[in-house]
Amino acid sequence: MFKPQIWMVLLGATALFFSCNKNPWRDGEWLYGKQCASCHGPEGKGLGALIPPLAGSDYLGAQRDILPCIVRYGLKDTITVNGKNYTEPMAGLPQLTDIEITNILNYVNNAWGNQNGVYQLGEVRQLLEKCRPE
């Protein structure tokens, strides 16, 4: 049996570990930098009239259910982000795993002042199942 002092030390160490982790989305941030930043920019500001911004984007919250599909399969439609139309196609990233897509979306939805909530892996898998090409 553990003594109460050991439990206190373990609890304190756990709290310290989580309080030191300033970026809970670090895996998503790394993946974003590797897979997405070349187009959307390191700060998510997009590229003028060609590539839409992700930072402060109204599209992220409004289109939550299709974001996993866009990451995996790309987008060819015109979209409106913050009142501006974007027509440039986005290539999909089919090589990414469901976990990697979840991590990227959680980073993007919570970086640069965005507050669009968190995806769970099961949710991403269900949404990807709906848009899987036949």
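Computed over heavy atoms, backbone and side chain alike; hydrogens, waters and symmetry mates excluded.
Side-chain contact between Y86 and P53: present, with at least one pair of heavy atoms (C-beta onward) separated by less than 4.5 Å. Taking the side chain as every heavy atom from C-beta outward, W112 and K45 never approach each other to under 4.5 Å. Looking at R72 and D98, their side chains come closer than 4.5 Å, going by heavy atoms from C-beta outward. Contact of the D58 side chain with the V81 side chain is registered, since non-hydrogen atoms from C-beta on lie closer than 4.5 Å. Contact annotation: the side chain of C131 approaches that of Y73 to within less than 4.5 Å [non-hydrogen atoms, C-beta and beyond].
Rounding to the nearest 0.5 Å gives a distance of 8.0 Å between OG1 of T87 and CG of L50. Note that CD1 of I70 and CG of D77 are 8.5 Å apart. Values are rounded to the nearest 0.5 Å. Going from atom OG1 of T78 over to atom CG of N85 covers 6.5 Å, rounded to the nearest 0.5 Å. C36 SG to M90 CE: the interatomic distance, rounded to the nearest 0.5 Å, is 6.5 Å. R26 CZ to N103 CG: the interatomic distance, rounded to the nearest 0.5 Å, is 10.0 Å. Between the CG atom in L47 and the NE2 atom in H40 there is a gap of 10.0 Å [rounded to 0.5 Å].
Counting all heavy atoms, side chain and backbone alike, G61 lies closest to N116 at CA-OD1, 3.7 Å. Shortest non-hydrogen contact noted between A55 and E43 is CB-O, 3.6 Å.
A side-chain donor-acceptor contact under 3.5 Å links N114 to the backbone of L54. For the pair Y119 (side chain) and R64 (backbone), a donor-acceptor distance under 3.5 Å is present. A donor-acceptor distance shorter than 3.5 angstrom exists from the side chain of N82 to the backbone of G56, with no hydrogens or angles considered. N109 places no side-chain N or O within 3.5 Å of a backbone atom of Q115 that could act as its donor or acceptor partner.
In this structure, L127 is a member of the same hydrophobic cluster as L93, with clusters built from ILVMFWY side-chain heavy atoms closer than 4.5 Å. Linking Ile, Leu, Val, Met, Phe, Trp and Tyr whenever their side-chain heavy atoms come within less than 4.5 Å puts I79 and L67 in one cluster. I99 and V108 end up in different hydrophobic clusters when Ile, Leu, Val, Met, Phe, Trp and Tyr side chains are linked at under 4.5 Å. Hydrophobic cluster membership is shared by V71 and V118, with clusters built from Ile, Leu, Val, Met, Phe, Trp and Tyr side chains linked at under 4.5 angstrom. Residues I101 and L75 fall within the same hydrophobic cluster, defined by Ile, Leu, Val, Met, Phe, Trp and Tyr side chains chained together at heavy-atom separations under 4.5 Å.
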Check the pair I66 / Y59 against side-chain contact (heavy atoms from CB on, under 4.5 Å), numbers first and verdict last. CA-CA 10 Å; I66 64 169; Y59 190 84; 3.6 Å; yes
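Salt-bridge formation is detected for the pair E129/R132: a Lys NZ or Arg NE/NH1/NH2 atom is positioned less than 4.0 Å from an Asp or Glu carboxylate oxygen.
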